[in-house]
Asks: 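I'd like to ask you about the structure that follows.
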Amino acid sequence: MNTTKTRSICFECHSRCGVILEVLNGKLAGVKGDPDHPHSHGYTCPKGRAAAEIIYHPERITKPLVKTGARTGTRFEETSWDTALNIIAEKLLASREKWGAESVVIGTGTTRGTAPYINRFLTLFGSPNFMAPSNMSGGPIVLGSAATCGFGLVDPDYANSSCILLWAHNPEASWPGLYMYDIREGLKKGAKLIVVDPRGTRLAKKADHWLQIRPGTDVALALCFINIIIENNLYDREFVENWTTGFDQLREHVSTYTPKRCAEITWLKEQDIVAAALCFAGQRPAGIGPGMAGVCQANDAFDLSRALTILSAITGNLEAKGGNLNCVPPTRKRSCYGPDFSAFDNLPREQAQKKLGLDRFPLIGFIPIPSPPQAVWPAIEHGNPYPVKAAGLFANNSVCAYPNSRHVSNALSSLDFLFAVDYFHTPTTALADVILPPAHWSERDEIEDLLMKNHVFSQVKAVEPVPECRDEKQILVDLAQSMGLSGYWGSVREALDYRLEPTGMTFEELKKHGKFATPVTYKGYEKYGKFRTPSGKVELYAEYLTMMGISPLPNFKEPDEGPEVSPQLYEKYPLILTTGGRNVVYYHSSHRNIESLRKRAPDPELQIHPDTARRYGIEDHDWIYLSSPRGRVEIRARFDHDMHPGIVHAVHGFWYGVEDGWKKLNINMITNDEPLCPVTGSVPIKALLCSIEKRPE
Ligand SMILES: Nc1nc2c(c(=O)[nH]1)N[C@H]1C(S)=C(S)[C@@H](COP(=O)(O)OP(=O)(O)OC[C@H]3O[C@@H](n4cnc5c(=O)[nH]c(N)nc54)[C@H](O)[C@@H]3O)O[C@H]1N2
Ligand SMILES: Nc1nc2c(c(=O)[nH]1)N[C@H]1C(S)=C(S)[C@@H](COP(=O)(O)OP(=O)(O)OC[C@H]3O[C@@H](n4cnc5c(=O)[nH]c(N)nc54)[C@H](O)[C@@H]3O)O[C@H]1N2
Ligand code: SF4
Ligand SMILES: [Mo]
């Protein structure tokens with residue numbers, strides 16, 4: 001028996017816990033937590049521990065596949081890598097020849113590390129169109145905070161905070177390995193905890209202040225917090241005077257967000273709002289954790305992110321120890337979303353300007369965020385603003401992940417050519433002409449630097465890929481070669497070494513240590529004499545935004561589908577629906593075929609107050625129809641006394657194991673993909689209207 005242990009990084013989710021991979025006779029046999037990892041400290045979750053079950057799963061795609069018969073059909077046959085890559089190369093080149101390079105889009109789902117390699121590939125090919133769901137996931141936070149203070153509000157320093165404010169964020173389910181150790185450290189040292197969430201999550205129930213907000217009204221609450229803090233003179237006067245612009249305009253603007261008015265809007269109690277705001281301002285330092293999806297799926301997502309950044313700024317918490325840090329990945333411009341790979345730094349200006357979404361969302365030209373999927377569908381369907389004819393999707397189940405699944409499915413079906421790269425068959429791969437089998441994270445070398453604070457980690461291949469699965473970087477190297485794209489890296493190792501160059505290390509060297517960190521700079525603005533904004537200060541009132549038609553101050557906007565804006569619809573659909581709160585055992589639509597995980601949460605569930613359910617004759621665990629103006633899905637009632645009687649929450653990601661499951665179980669059949677946030681393209685999937693009825697047995 002030959003057993004080896006490899007220290008690596010898990011990528012079954014974004015937490016990227018440190019793991020020790022145990023290999024027995026060349027096969028992955030176990031996943032243990034790495035106690036020396038600076039973020040996860042030995043933690044692993046059930047998804048990470050299921051790695052062997054995933055990679056040796058009988059349903060795993062292990063050979064390149066090409067569609068046989070009708071394009072609308074789902075019959076595939078195995079083929080060689082050479083044949084599959086040649087087909088893709090030929091189709092992409094033909095599309096470029098006939099329609100221009102911009103007619104080719106390559107997308108990923110939530111970033112699983114491939115973004116830099118795809119971006120480099122695309123820019124050498126000539127297309128600016130890298131598509132990703134950033135508009136509903138992190139992008140609005142970065143756009144709003146960077147537009148305000150020059151960096152993303154994504155690195156709260158919880159371990160050193162005296163107050164932790166989790167805003168639409170439940171890291172116990174969504175980021176356990178990355179944030180929970182630090183949160184526990186902070187709480188152990190006596191930090192206050194404030195949670196803004198319509199659901200009574202475990203963290204909410206433990207909090208000193210739990211604000212059970214009406215979905216989609218967060219900006220009103222954030223502006224009210226700012227108002228209370230200014231009114232009570234609890235802001236950091238010195239910081240505001242020296243480092244911000246437009247305080248007077250802000251003060252006047254927020255003055256109408258009184259606790260009384262805010263309570264009416266948010267369905268919270270006036271005294272609870274005031275108590276939480278005073279708590280936040282009274283404890284320094286305070287760190288804000290904005291939910292990467294929670295804060296990014298609303299028609300005013302940009303304003304929410306601006307408001308939260310302003311909240312951090314006026315209380316002196318930006319770049320303060322225990323506040324919200326400005327961490328720079330050690331790979332700098334070559335980090336996952338670093339400018340080294342962006343269309344704007346690599347394509348002629350005229351070509352870069354064709355980036356889909358830029359015409360509607362000009363800010364994504366300054367703070368580069370991938371093209372929102374909702375800006376790509378019109379190009380595919382209507383040639384608007386120009387035709388998109390061919391696409392590739394890496395690690396993306398678009399049909400289930402994105403709102404209005406039927407629209408997504410129709411758009412992808414009308415492409416001339418689609419290839420997909422996935423471990424398993426999904427409703428999205430079913431639409432592809434070619435499917436390629438990728439290597440798993442335990443089967444590939446990679447560097448991890450996205451949201452890793454000031455660290456870069458080596459993810460080290462522990463086992464050879466299951467034949468014939470292939471590292472996605474190698475797929476791109478091979479594809480670039482078949483297409484004659486000069487300038488692409490010649491090997492995976494070359495690509496990794498290139499990205500690591502700013503650290504002065506090669507991948508082999510990084511591997512020896514497993515990690516590399518640069519020091520965190522606190523209050524860098526004092527050192528550099530400015531914030532990286534047009535005025536050099538924190539833009540409370542951002543005059544420059546008006547040039548792009550964007551409000552210089554954050555504004556609250558009622559959800560477009562809700563009791564206030566659409567009262568008639570509210571009569572027919574009398575419950576407020578929020579979607580997609582995370583469950584630690586699943587990643588989006590993945591993992592439903594993994595037995596050890598599925599048994600922990602077998603069915604899609606609607607969290608609902610028992611009194612509300614019983615009004616409709618519904619009992620706990622009953623199957624029900626959940627309807628919105630766009631259709632209906634089947635889901636099981638799960639009673640929860642902590643839900644507000646007027647609000648329900650539906651999980652996302654279910655489709656597997658049921659015929660046409662993507663139509664029957666997948667919540668995005670009834671979500672909407674319009675109207676979008678006018679600045680960030682965010683989608684309104686956290687605040688919709690719905691109705692329920694018992695499903696006949
Ligand atoms: N296990 C697991 N982990 C994941 C993922 C996964 O699919 N599974 N996905 C990953 C990805 S890509 C992302 S983007 C992140 C998301 O990370 P987060 O956004 O932190 O996601 P959640 O932990 O679900 O927290 C969102 C919370 O917002 C609450 N909420 C819903 N509507 C509203 C509202 O209108 N206002 C307020 N204030 N709160 C609201 C929900 O009840 C929920 O508890 O998670 C990542 N981590
Ligand atoms: N209603 C609702 N919908 C949502 C959300 C919500 O809160 N509510 N959240 C949204 C958010 S924030 C996001 S980011 C999107 C996520 O959207 P996606 O990332 O598309 O979601 P997944 O379901 O995880 O699909 C990923 C696919 O990648 C495959 N996969 C996993 N790892 C790898 C890999 O390393 N390589 C390759 N090639 N394939 C891999 C999986 O088998 C799976 O089929 O979903 C969004 N959808
Ligand atoms: S939380 Fe779980 S899935 Fe995510 S990185 Fe850690 S072990 Fe892997
Ligand atoms: Mo996401």
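Atoms within a ligand are numbered from 1 in the order they appear, just like the ligands themselves. Here the structure is a predicted model, which is why all the values come from computation and not from measurement. Counting from 1, the numbers follow the sequence of the chain as shown.
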Asks: Ion pair present between Arg470 and Asp478, side-chain N to carboxylate O less than 4.0 angstrom?
Replies: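 A salt bridge is present here (some side-chain N lies under 4.0 Å from a carboxylate O).
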Asks: Sort by chain and number the protein N/O/S atoms that are closer than 2.8 Å to atom 2 (Fe) of ligand 3, and list them.
Replies: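 For atom 2 (Fe) of ligand 3, the protein N, O and S atoms that sit under 2.8 Å away are Cys45 SG.
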Asks: Against heavy atoms of Ile213, which atoms of ligand 1 measure under 4.0 Å?
Replies: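 Contacts of ligand 1 toward Ile213, numbered from 1: 36 (N), 37 (C), 38 (N).
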Asks: Go through the side-chain N and O atoms of Gln212 and Asp197 and say whether any donor and acceptor fall under 3.5 Å apart.
Replies: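 No pair is found: no donor N or O on one side chain lies under 3.5 Å from an acceptor on the other.
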Asks: Is His440 close enough to touch ligand 2? Criterion: a residue heavy atom under 4.0 Å from a ligand atom.
Replies: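 Judged by the 4.0 Å heavy-atom criterion, His440 does not count as contacting ligand 2.
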Asks: Measure from the ring center of His440 to the ring center of Phe11 and say whether it is less than 6.0 Å.
Replies: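 Ring-ring flag for His440/Phe11: false, centres at least 6.0 Å apart.
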Asks: At the 4.0 Å heavy-atom cut-off, does Arg582 count as touching ligand 2?
Replies: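 In this structure, Arg582 qualifies as a contact of ligand 2 - some heavy atom is under 4.0 Å.
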Asks: If you take the nearest heavy atom of each of Pro198, Ala293, Gly291, Ser134, which one is closest to atom 16 (C) of ligand 1?
Replies: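 Residue with the shortest heavy-atom distance to the ligand atom: Ala293.
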Asks: Tell me whether Asp422 is salt-bridged to Arg60, with the criterion being a basic N under 4.0 Å from an acidic carboxylate O.
Replies: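 No, no charged N to carboxylate O under 4.0 Å.
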Asks: Hey, is ligand 2 close enough to Val421 that some N/O pair sits below 3.5 Å?
Replies: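 Checking ligand 2 against Val421, an N or O pair does fall under 3.5 Å apart.
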Asks: Please check whether Ser398 reaches ligand 2 - meaning an N/O of the residue sits under 3.5 Å from an N/O of the ligand, judged on distance alone.
Replies: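 No, no N or O pair falls under 3.5 Å.
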Asks: Flag the pair Glu446 and Lys461 as a salt bridge only when some basic side-chain nitrogen lies within less than 4.0 angstrom of an acidic carboxylate oxygen.
Replies: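 Looking at Lys461 together with Glu446, the answer is no, because their closest N to O distance does not fall below 4.0 Å.
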Asks: Would you tell me which option among Ile54, Thr110, Ile670 has the nearest heavy-atom contact to atom 19 (O) of ligand 2?
Replies: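 It is Thr110 whose heavy atom sits nearest to atom 19 (O) of ligand 2.
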Asks: Under 6.0 Å from the six-membered ring centre of Phe394 and within 45° of its axis: does the NZ or CZ of Arg112 meet both?
Replies: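 No, a cation-pi geometry is absent between Arg112 and Phe394.
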Asks: Show which atoms of ligand 1 fall inside a sub-4.0 Å distance from at least one heavy-atom site of Pro215.
Replies: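 Selected atoms, number and element: 34 (C), 35 (O).
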Asks: With a 4.5 Å limit on heavy-atom distance, are the side chains of Tyr257 and Phe556 in contact?
Replies: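 When only atoms from C-beta onward are counted, Phe556 and Tyr257 do touch, with a gap below 4.5 Å.
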Asks: Can Arg444 be said to touch ligand 2, with heavy atoms closer than 4.0 Å?
Replies: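 Yes, Arg444 has heavy atoms under 4.0 Å from ligand 2.
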Asks: Only heavy atoms of Pro133, strictly under 4.0 Å: list the atoms of ligand 2 that pass.
Replies: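 That gives atoms 14 (S) of ligand 2.
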Asks: Atom 43 (C) of ligand 1: which of Asp197, Leu203, Asn170 has the nearest heavy atom?
Replies: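 Ranked by closest heavy atom to atom 43 (C) of ligand 1, first place is Asp197.
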Asks: Please determine whether a side-chain nitrogen of the Lys or Arg among Lys557 and Glu564 lies less than 4.0 Å from a carboxylate oxygen of the Asp or Glu.
Replies: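 Salt bridge between Lys557 and Glu564, a charged N being under 4.0 Å from a carboxylate O: no.
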Asks: Can you list the residues that meet the side chain to side chain contact (heavy atoms under 4.5 Å, CB included) rule with Pro629, with sequence neighbours excluded?
Replies: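 Only Glu561, Leu569, Tyr573 meet the side chain to side chain contact (heavy atoms under 4.5 Å, CB included) criterion with Pro629.
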Asks: Taking the non-hydrogen atoms of Gly653, is any one of them nearer than 4.0 angstrom to ligand 2?
Replies: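 The answer is no, since Gly653 has no heavy atom less than 4.0 Å from ligand 2.
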Asks: Work out whether the distance between some heavy atom of His649 and some atom of ligand 1 is less than 4.0 Å.
Replies: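 No heavy atom of His649 comes that close to ligand 1.
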Asks: Kindly identify the option in Ser174, Ala168, Gly581 whose heavy atom sits closest to atom 26 (C) of ligand 1.
Replies: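 It is Ala168 whose heavy atom sits nearest to atom 26 (C) of ligand 1.
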Asks: Hey, which atoms in ligand 2 end up nearer than 4.0 Å to a heavy atom of Ser590?
Replies: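 Taking each heavy atom of Ser590 in turn, ligand 2 has 23 (O), 24 (O), 41 (C), 43 (C) under 4.0 Å.
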Asks: For Ser137, take its heavy atoms, then give the atoms of ligand 2 lying under 4.0 Å from any of them.
Replies: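 The atoms of ligand 2 under 4.0 Å from a heavy atom of Ser137 are 12 (S), 14 (S).
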Asks: Hey, is Lys686 one of the residues with a heavy atom under 4.0 angstrom from ligand 2?
Replies: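 In this structure, Lys686 qualifies as a contact of ligand 2 - some heavy atom is under 4.0 Å.
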Asks: Under 6.0 Å from the ring centre and within 45 degrees of the ring axis: does the NZ or CZ of Arg16 meet both conditions for the six-membered ring of Phe457?
Replies: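 Ring-cation test returns no.
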Asks: Check for me whether Cys13 has a heavy atom closer than 4.0 Å to any atom of ligand 1.
Replies: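 For ligand 1, residue contact (heavy atoms, under 4.0 Å) with Cys13 is absent.
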